[in-house]
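Here is the structure we will look at.
Note that the coordinates shown come from a computational prediction; the quantities given were computed from them, not determined experimentally. Indexing begins at 1, ligand by ligand and atom by atom, following the structure's order.
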Amino acid sequence: MFPKKGASEEEVLEELKIKTSEDLTFDSGRILGSMCTYPHPLAVKIIEKYIDRNLGDPGLHVGSRKIEEEAVGMLANLLSLNRGYGHIVSGGTEGNILAVRAFRNVSNVERPELILPESAHFSFLKAGEMLGVKLVWAKLKEDYTVNVRDVENKITDNTIGIIGIAGTTGLGAVDDIPALSDLALEYDIPLHVDAAFGGFVIPFAKELGYNIPDFDFRLKGVKSITIDPHKMGMVPIPAGGIIFREKRFVDAISVPAPYLAGGRVCQATITGTRPGANALAVWAMIKHLGFEGYKEIVRNAMELSRWFASELKRIPGVKLVREPVLNIVSFSTENLEDIEEELKARGWGISAHRGYIRIVMMPHVRRAHLEEFLMDLREIIRKV
Ligand code: 0PR
């Protein structure tokens with residue numbers, strides 16, 4: 001019911017406190033299956049300070065618009081591109097939708113088709129439905145990366161784009177993007193890389209010596225990349241990123257908004273009014289942490305996931321779905337549903353809906369939390 005009279009601040013805050021006490025919080029160490037984390041304190045400060053900035057009207061907030069451009073530029077650099085075009089958006093979903101929209105709009109195809117791995121995130125289901133693009137699913141290999149030969153077999157005159165994934169949602173697997181890029185160049189079809197999760201992991205992990213295939217704009221067939229600061233980038237929700245290699249892709253999704261303060265303004269994003277503060281926070285975190293800072297975050301996350309995977313392997317009845325590539329470890333057990341239920345009853349924030357339990361070593365996840373989790377898991381497996 002919409003209240004007739006307002007309550008005091010204290011009353012409102014108290015009611016919220018009670019109602020949100022049901023939420024799991026990141027600092028509890030119980031959230032093990034999420035791709036989000038508690039944002040960096042500097043990013044939180046920035047959100048509060050610049051909460052009123054609206055990138056939907058860039059003529060009003062000229063400084064913020066330039067900062068967004070710089071943030072996009074730095075993300076492009078991280079992804080091996082001198083100059084990129086794009087936006088800080090609401091998340092990986094919007095990034096992926098914009099890429100499919102751009103590919104569809106630059107193509108001249110009546111019945112557009114998109115080829116994507118069976119492991120693709122469900123945001124592409126939304127993209128396909130909203131944009132009238134038929135999704136053509138490519139099979140996976142035994143290691144859960146896309147079967148490039150199957151992708152090739154599915155190319156037709158109607159193919160408007162190919163999707164590769166650098167860090168799949170379920171397993172953190174990285175597709176053979178170099179091979180997909182070759183294919184894309186050979187058939188002259190644009191390749192979009194969904195690095196919503198992997199974008200803030202792979203560049204640092206490679207630098208640390210982990211053997212992960214190239215996935216970024218170094219590969220000439222890659223025309224766009226989704227990279228989310230609100231996952232491993234330590235920035236508050238909402239903060240996604242979409243970077244295009246060429247301006248023509250952004251032009252293809254831009255609509256005029258001429259009455260806005262900037263005059264002759266165009267908008268390419270799905271959202272109109274959108275938070276400037278989050279784009280500023282992306283900029284600030286990159287400036288503050290730098291490559292070295294993110295590398296340390298990724299070093300911990302990667303080392304923790306290797307240790308966790310080796311511990312899991314020692315538990316009878318537990319099977320890793322595959323060796324971890326990034327900081328995601330997924331495993332299955334017998335009677336998985338019963339085990340999931342019991343883990344949840346003990347307060348663990350996990351899910352097993354894909355037929356396995358996915359643990360993401362986000363920055364808030366510590367070894368002590370995982371040790372406690374392993375103890376519970378061993379005990380439950382013995383019982384069930
Ligand atoms: N692409 C990939 C590879 C993803 O994993 C995700 C999200 C997206 C795109 C879409 O990103 P947005 O959710 O930012 O639009 N993957 C996470 C997942 O499904 C999202 C998530 C995050 C789920 C935190 C739960 C959670 O607690 O696992």
Side-chain angles (χ1 to χ4, degrees), residues 23-39 75 79 87-101 114 116-128 130 135 140 144-146 163-175 177 180 192-202 212 215-216 224-243 269-271 274-275 278-279 281-282 301 321 324-330 344 348-365:
D23 297 352
L24 281 183
T25 57
F26 289 108
D27 61 3
S28 69
R30 292 266 147 179
I31 302 183
L32 298 182
S34 171
M35 283 188 175
C36 291
T37 193
Y38 200 84
L75 288 177
L79 301 169
H87 285 289
I88 304 302
V89 292
S90 56
T93 299
E94 187 176 357
N96 287 338
I97 292 171
L98 289 178
V100 180
R101 186 168 159 234
L114 180 76
L116 71 174
E118 279 173 357
S119 52
H121 184 258
F122 59 79
S123 46
F124 290 102
L125 299 179
K126 300 180 186 177
M130 285 192 280
L135 303 179
L140 304 184
Y144 297 92
T145 65
V146 74
I163 305 295
I165 310 172
T168 59
T169 304
L171 302 174
V174 178
D175 286 332
I177 310 289
L180 289 176
H192 170 71
V193 176
D194 181 358
F197 184 78
F200 266 96
V201 179
I202 301 169
I212 303 168
F215 77 108
D216 66 11
S224 57
I225 300 182
T226 295
I227 171 171
D228 280 359
H230 72 196
K231 296 191 168 78
M232 285 290 285
M234 307 293 292
V235 178
I237 308 163
I242 176 70
I243 313 292
T269 50
I270 308 278
T271 51
R274 61 193 180 93
N278 292 65
V282 173
V321 182
V325 183
L326 306 182
N327 49 327
I328 296 177
V329 181
S330 299
K344 279 189 170 161
W348 293 104
I350 46 115
S351 95
H353 298 289
R354 303 179 187 87
Y356 49 81
I357 291 174
R358 173 190 83 173
I359 306 295
V360 191
M361 299 333 119
M362 294 304 291
H364 64 270
V365 176

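- In this structure a side-chain-to-backbone donor-acceptor pair under 3.5 Å is present from His230 to Ala239.
- Under the side-chain hydrogen bond (donor to acceptor under 3.5 Å, both in side chains) criterion, Thr25 pairs with Asp27, not counting sequence neighbours.
- Every pair tested for side-chain hydrogen bond (donor to acceptor under 3.5 Å, both in side chains) that includes a residue from residues 163-173 fails, sequence neighbours excluded, so the list is empty.
- Partners of Phe124 by ring pair (Phe, Tyr, Trp, His ring centres under 6.0 Å), not counting sequence neighbours: none found.
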Write out each pair where an N or O from ligand 1 and one from the protein are under 3.5 Å apart, with the distance.
from	atom 1	to	atom 2	distance (Å)
ligand 1	1 (N)	Asp194	OD1	3.2
ligand 1	1 (N)	Asp194	OD2	2.6
ligand 1	5 (O)	Thr169	OG1	2.8
ligand 1	11 (O)	Gly92	N	3.4
ligand 1	11 (O)	Lys231	NZ	3.0
ligand 1	14 (O)	Gly92	N	3.0
ligand 1	14 (O)	Asp228	OD2	3.4
ligand 1	14 (O)	His230	NE2	2.8
ligand 1	14 (O)	Lys231	NZ	3.1
ligand 1	15 (O)	Gly92	N	3.3
ligand 1	15 (O)	Thr93	N	2.8
ligand 1	15 (O)	Thr93	OG1	2.5
ligand 1	27 (O)	Ser34	OG	2.8
ligand 1	28 (O)	Arg358	NH1	2.8
ligand 1	28 (O)	Arg358	NH2	2.9

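- Other residues, nucleotides and ligands place no more than 12 heavy atoms under 6.0 Å from the OH atom of Tyr38.
- Annotation for Gly241 and Asp228: closest pair N-OD1, 3.6 Å, computed over non-hydrogen atoms.
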